[in-house]
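Contents: one structure, followed by commentary.
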Amino acid sequence: MKHVTWGAVAAMVLAMVFVGCAQVPPSPQVQKYSDSELPVPADYKSWPKFLSDVQRADVKQVREIYINPTGHSTKMGDEFPNGTISVMEIYKVREAADGTPLKGADGKFVKGELSKIGVMGKGAGWGESVTPPELRNGDWVYSMYMADATTKAPDNTATCRACHLPLTDKDYIFRYDEYFQKRVK
Ligand code: HEC
């Protein structure tokens, strides 16, 4: 009788171990990206808009900025969480024959062709390999692509870092306040 009970206990223990193993998924292998490696996510156009129709008269551009759902869940005042990705489309402004930028009836620039696509993303430890360390923007990394979204643009990512760097209290995001103010809650 006794050895039967032990057999049953052993079977139960084995069953528990087995179920326990099945319930613990292997820790997800999160890929680490450095500058110029982070790709343009294929589905970014289905993401929430960060800001639309950003008018850049100084460089004759219109910009469309998207943020992934992870970033979009952020509350004003907080940093964007790891896993946030922002994609910025850079469009040329259409020009008259004499080079004057064209404006529509709404007073906004007329969007021309897409020229480049910029990406910013953050993940745990992504910024650690950045040299020189003074150019670290927390754990953000930067990539810039041509309009086909795969050909790397010639931009040096040190320039991205240097320009975004001063925005330490806005998590390195220029239009941080504008985004949270305009965002449809
Ligand atoms: C001279 C300054 C400057 C440089 C250099 C620069 N940026 Fe930005 N970036 C901005 C500004 C300003 C914005 C906000 C949108 C706007 O006003 O055009 C912005 C916005 C962005 C955004 C949208 C998210 C956000 O931060 O608002 C991405 C993505 C981005 N930049 C990527 C890049 C990448 C990649 C590079 C380098 C290849 C780069 N930037 C270089 C000034 C800069």
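Just so you know, ligand 1 is whichever comes first in the structure, and atom 1 is the first atom listed for that ligand.
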Atom NZ of Lys103: over 12 foreign heavy atoms under 6.0 Å: no
Donor-acceptor pair between Asn137 and Tyr142 side chains, under 3.5 angstrom: yes
Enumerated ligand 1 atoms positioned under 4.0 Å from heavy atoms of Ser143: 35 (C)
Cut-off under 2.8 Å, centre atom 8 (Fe) of ligand 1, protein N/O/S atoms: His164 NE2
Listed partners of Lys92 passing side chain to side chain contact (heavy atoms under 4.5 Å, CB included), at least two apart: Glu113, Ser115
Close-contact set for ligand 1 against Asp155 heavy atoms, below 4.0 Å: 38 (C)
Side-chain donor-acceptor contact under 3.5 Å, Thr151 with Asp148: yes
Steps toward ring-ring contact (aromatic ring centres under 6.0 Å, His included) verdict (Tyr44, Tyr66): CA-CA 7 Å; Tyr44 79 87; Tyr66 298 82; 5.2 Å; yes
Arg136, CZ atom: more than 12 neighbouring heavy atoms under 6.0 Å: yes
For atom 27 (O) of ligand 1, closest protein heavy-atom neighbour: Ile173 CG2, 3.6 Å
Shortest protein heavy-atom distance from atom 5 (C) of ligand 1, along with the residue and atom involved: Thr159 O, 3.3 Å
No-hydrogen, no-angle side-chain donor-acceptor test under 3.5 Å, Trp126 and Asn82: no
Ligand 1-proximal atoms of Arg56, by part, heavy-atom distance under 4.0 Å: side chain
Side-chain donor-acceptor contact under 3.5 Å, His72 with Tyr179: yes
Any side-chain donor near an acceptor of the partner, Tyr91 and Glu89, under 3.5 Å: yes
Atom indices of ligand 1 within 4.0 angstrom of Arg63 heavy atoms, with elements: 16 (C), 18 (O)
Nearest neighbour in protein (non-hydrogen) for atom 24 (C) of ligand 1: Ser86 OG, 3.3 Å
Residue, atom name and distance, where the atom is the protein heavy atom closest to atom 15 (C) of ligand 1: Arg175 NE, 3.4 Å
Inter-residue atom distance Met120.CE - Phe50.CZ, 0.5 Å rounding: 9.0 Å
